[in-house]
Novice: 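My structure is below; once you've seen it, I'll send some questions.
In what follows, chains are A, B, ... by sequence order, proteins preceding strands, each numbered from 1.
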Protein chains: 2
Amino acid sequence: MAASGRTARPEVIWARPERAARGPRPAHTRAEIAAAAVRVADAEGPGGVSMRRVAAEIGCGTMSLYNYVPRKEDLYELMVDAVSAEYDLSAEPSGDWRADTLALAAQTRALMHRHPWLPRLMSPAHGFSPNALRYLEHFLWVLEPLDVPGGTKMELISMVNGVVSTYVVNELSEAERARTSPFPPGQEHAARMALLARELSRGDHPRLAAVLGAGFAAVDLDAHFARALGRLLDGFDPERVSPPPGPSAPPSPA
Amino acid sequence: MAASGRTARPEVIWARPERAARGPRPAHTRAEIAAAAVRVADAEGPGGVSMRRVAAEIGCGTMSLYNYVPRKEDLYELMVDAVSAEYDLSAEPSGDWRADTLALAAQTRALMHRHPWLPRLMSPAHGFSPNALRYLEHFLWVLEPLDVPGGTKMELISMVNGVVSTYVVNELSEAERARTSPFPPGQEHAARMALLARELSRGDHPRLAAVLGAGFAAVDLDAHFARALGRLLDGFDPERVSPPPGPSAPPSPA
DNA sequence: CCCCACTACGTACGCTGTACGTAACTAGGA
DNA sequence: TCCTAGTTACGTACAGCGTACGTAGTGGGG
């Protein structure tokens with residue numbers, strides 16, 4: 001009795017069988033739908049992904065989509081899993097967990113460059129899609145030479161992905177803004193920079209003015225990225241970090 | 001001629017004067033509007049923040065809000081700046097940049113706990129609101145004892161905030177999901193965990209099964225947080241990291 | 001063979017951001 | 001002092017959204 005019928009299914013989409021046992025064969029597949037949604041998001045940004053738009057893309061009525069995807073959130077989950085299939089995990093770990101981790105991070109970065117909506121649509125609430133499992137398993141394989149507890153490895157994976165995500169979002173924010181903004185490209189950014197310069201010239205924020213005035217540009221993004229991640233990994237490497245004086249965080253006795 | 005009238009202003013909201021020179025005095029202030037929006041977001045989640053809802057909250061017509069906030073995006077910017085005012089930056093840096101940075105990160109974490117919508121609404125495209133400048137300036141002050149170039153300090157700030165954001169999003173994801181989900185609390189999470197267990201018992205993903213099977217729970221979140229951030233800072237500390245063998249990232253010659 | 005679960009899809013509802021028109025008001029210039 | 005131009009306030013309207021629901025039609029298991 002409780003919550004029967006067509007509504008109120010707390011199910012995870014991965015628990016639903018792709019093909020039902022009884023009825024006529026569905027006209028589309030999950031992969032097809034996910035690919036269509038990814039195509040739309042790539043072309044028009046995440047805001048362009050609507051149930052109507054995706055349904056039109058695969059050539060079916062809007063509400064038919066709900067036979068495959070109970071809620072829009074699940075469509076997002078399908079999309080994230082679909083692009084996660086683009087990871088090339090064919091190579092065996094080299095034994096150098098640091099280099100392999102950097103390579104995985106570079107793949108994630110490239111993935112997010114190909115699909116700029118990924119950071120926004122990826123959520124820890126999704127977690128554990130088929131390709132996410134594949135990825136995690138491979139990452140743990142890569143980390144096997146690293147001599148730390150399993151929980152710490154998960155922590156490392158989470159932080160690496162967080163840092164990569166943060167980095168890419170920063171990296172792409174201006175481009176994405178330019179795409180979204182209804183104004184001539186660069187105009188908004190120019191306005192922001194002019195305002196910032198005016199604000200900094202007021203004399204408050206002297207340290208910020210010094211740092212920003214020293215010149216933004218001419219940074220090698222790839223090297224920057226590798227360096228930032230390298231720093232993070234340094235913190236996890238028991239062979240590189242000198243043993244902490246205190247237990248963990250406190251640098252000196254109180 | 002070009003784009004005159006009431007539309008097409010590429011202006012940043014912080015460049016608009018709060019009170020116009022000519023017309024009647026506005027009935028509300030920016031701070032009042034931002035506070036109302038924050039109140040709504042705190043109570044009903046970021047999805048509850050609509051122009052109509054906020055307008056009703058301050059007791060004015062929907063379209064009147066557009067006199068203060070040209071686009072909804074700007075309302076978000078106001079909200080982020082408003083809660084950024086909650087940073088307590090009154091204490092002078094202690095000279096121990098590590099401890100001070102951890103304290104700032106703890107403030108950010110607490111801020112995000114108070115306002116769980118913050119990570120989602122905060123965007124690098126906003127950047128440089130008044131309170132963001134205050135925060136950055138103070139952070140750079142804290143980092144003055146750290147002997148690295150200014151650009152590296154900005155990198156550190158960005159990465160610390162990215163890691164904190166990632167950490168808190170992970171930390172709060174289940175709670176947020178429970179608030180959003182139309183199903184009984186915990187039911188969805190339980191479904192996900194059951195599916196995960198079933199999937200892991202299939203025998204693929206042996207490493208993941210080993211790590212996750214070793215027990216999730218009973219972790220001290222605060223210690224976890226401090227440890228993760230401490231690791232990150234280790235990577236920036238020239239006194240703690242042994243000098244890298246190669247130029248930067250590559251661990252050994254090819 | 002037949003039944004019924006399942007697919008497909010049109011309609012409709014409540015919600016969103018916001019463009020636009022109009023009326024009231026107020027401060028600066030004549 | 002009055003006039004006028006710019007601003008505030010706000011109702012109406014439109015396009016688009018997610019999705020609940022009703023209704024045909026279809027095809028595989030008992």
Side-chain angles (χ1 to χ4, degrees), chain A residues 3-9 11 13 16-30 32-33 37 40-41 44-79 121 180-183, chain B residues 3-9 11 13 16-30 32-33 37 40-41 44-79 121 180-183:
Chain A
S4 71
R6 65 202 300 171
T7 72
R9 279 176 278 81
E11 308 239 336
I13 184 142
R16 301 185 84 194
E18 168 134 27
R19 173 116 161 71
R22 288 296 292 274
R25 87 171 8 253
H28 309 277
T29 67
R30 242 177 229 173
E32 188 185 343
I33 291 167
V40 172
E44 308 168 26
V49 177
S50 72
M51 298 302 273
R52 283 173 237 265
R53 181 78 184 74
V54 172
E57 187 78 10
I58 62 172
C60 77
T62 305
M63 293 316 289
S64 307
L65 208 52
Y66 282 91
N67 288 323
Y68 303 88
V69 174
R71 298 164 306 170
K72 199 193 180 186
E73 188 95 346
D74 293 312
L75 180 59
Y76 291 154
E77 211 157 331
L78 247 46
M79 292 171 67
L121 258 48
T180 304
S181 177
F183 310 115
Chain B
S4 71
R6 65 201 302 174
T7 71
R9 278 177 278 78
E11 307 239 338
I13 184 144
R16 302 186 82 192
E18 170 134 25
R19 173 113 161 72
R22 289 294 292 271
R25 85 169 10 252
H28 309 277
T29 67
R30 243 177 228 173
E32 187 184 346
I33 291 167
V40 171
E44 308 169 27
V49 177
S50 72
M51 297 303 271
R52 282 174 239 267
R53 181 76 184 75
V54 172
E57 187 78 13
I58 63 172
C60 77
T62 305
M63 294 315 290
S64 307
L65 207 52
Y66 281 91
N67 289 322
Y68 302 88
V69 173
R71 297 165 305 169
K72 200 193 181 188
E73 188 93 345
D74 294 312
L75 180 59
Y76 291 154
E77 210 157 332
L78 247 48
M79 292 170 69
L121 258 48
T180 303
S181 177
F183 309 114

Novice: Between D/dG11, D/dA20, D/dT7, which nucleotide has the shortest distance from any of its atoms to the side chain of B/A20?
Specialist: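 Nearest listed nucleotide: D/dT7.
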
Novice: B/R30 has an atom CZ; how far is it from atom P of D/dT8, in whole Å?
Specialist: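 The answer, rounded to whole Å, is 11 Å.
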
Novice: With the side chain of A/Y68 defined as its heavy atoms from C-beta on, choose the nearest nucleotide among C/dT16, D/dC10, C/dT7.
Specialist: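 Between C/dT16, D/dC10, C/dT7, the one nearest the side chain of A/Y68 would be C/dT7.
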
Novice: Given atom CZ of A/R71 and atom P of D/dA20, what is their separation to the nearest angstrom?
Specialist: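 Atom CZ in A/R71 sits about 10 Å away from atom P in D/dA20.
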
Novice: When the distance from CZ of B/R25 to C1' of D/dA9 is rounded to whole Å, what number comes out?
Specialist: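 After rounding, the reported distance stands at 16 Å.
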
Novice: In this structure, how many angstroms lie between the C1' atom of D/dT8 and the OH atom of B/Y66, rounded?
Specialist: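 Distance check: B/Y66 OH to D/dT8 C1' gives 16 Å.
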
Novice: Between atom CD in B/E44 and atom P in C/dT16, what is the gap in whole Å?
Specialist: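 Those two atoms, CD and P, are 10 Å apart.
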
Novice: For C/dA27 and B/R19 - does any side-chain N or O of the residue sit under 4.0 Å from the phosphate oxygens OP1/OP2?
Specialist: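 Yes, because at least one side-chain N or O of B/R19 sits under 4.0 Å from OP1 or OP2 of C/dA27.
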
Novice: State which of D/dT19, C/dG17, D/dC10 makes the closest approach to the side chain of B/K72.
Specialist: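 The closest nucleotide is C/dG17.
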
Novice: Give the minimum heavy-atom separation between B/H28 and B/I58, together with the two atoms involved.
Specialist: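 Shortest heavy-atom separation between B/H28 and B/I58 comes out as CE1-O, 3.2 Å.
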
Novice: Does a sphere of radius 6.0 Å around CZ in B/R19 hold more than 12 heavy atoms from other residues, nucleotides or ligands, not counting ones at 6.0 Å or beyond?
Specialist: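 Yes.
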
Novice: D/dA20 C1' sits how many Å from A/L65 CG, rounded?
Specialist: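 My rounded result for the distance is 15 Å.
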
Novice: Of the nucleotides C/dT18, C/dT7, D/dT19, which has the atom closest to the A/N67 side chain?
Specialist: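 The answer is C/dT7, which lies nearest to the side chain.
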
Novice: Contact list please: residues 50-58 of chain B against DNA chain C, heavy atoms, distance less than 4.0 Å, in numerical order.
Specialist: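 Residues of residues 50-58 of chain B that come under 4.0 Å of DNA chain C are, in numerical order, B/S50, B/M51, B/R52.
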
Novice: What are the two closest non-hydrogen atoms of B/G61 and B/A55, and how far apart are they?
Specialist: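 Shortest heavy-atom contact: O-CB, 3.6 Å.
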
Novice: I want to check one thing: is the phosphate of C/dT7, taken as OP1 and OP2, less than 4.0 Å away from some side-chain N or O of A/S64?
Specialist: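 No, no such contact exists.
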
Novice: Going from CD on A/E77 to NZ on A/K72, what distance comes out if it is rounded to the nearest 0.5 angstrom?
Specialist: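 Those atoms lie 14.5 Å apart.
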
Novice: Are A/M51 and A/M63 close enough that some pair of their side-chain heavy atoms sits under 4.5 Å apart?
Specialist: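 A/M51 vs A/M63: side chains apart.
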
Novice: More 5' along DNA chain D: B/G59 or B/P24, using each one's nearest nucleotide?
Specialist: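 Upstream on the strand: B/P24.
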
Novice: So which one's nearest nucleotide on DNA chain C is more toward 5', A/A27 or B/E73?
Specialist: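 Between the two, 5'-proximity favours A/A27.
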
Novice: Measure across A/P26 and A/Y68 and return the closest heavy-atom pair with its distance rounded to 0.1 Å.
Specialist: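 In this case the closest contact between A/P26 and A/Y68 is CB-OH, 3.5 Å.
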
Novice: Does the side chain of B/R30 come within less than 4.5 Å of B/I33's, by heavy atoms?
Specialist: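 They are not in side-chain contact.
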
Novice: May I have the distance from A/M63 (atom CE) to C/dC9 (atom P), rounded to whole angstrom?
Specialist: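 The distance from CE of A/M63 to P of C/dC9 comes to 12 Å, rounded to the nearest Å.
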
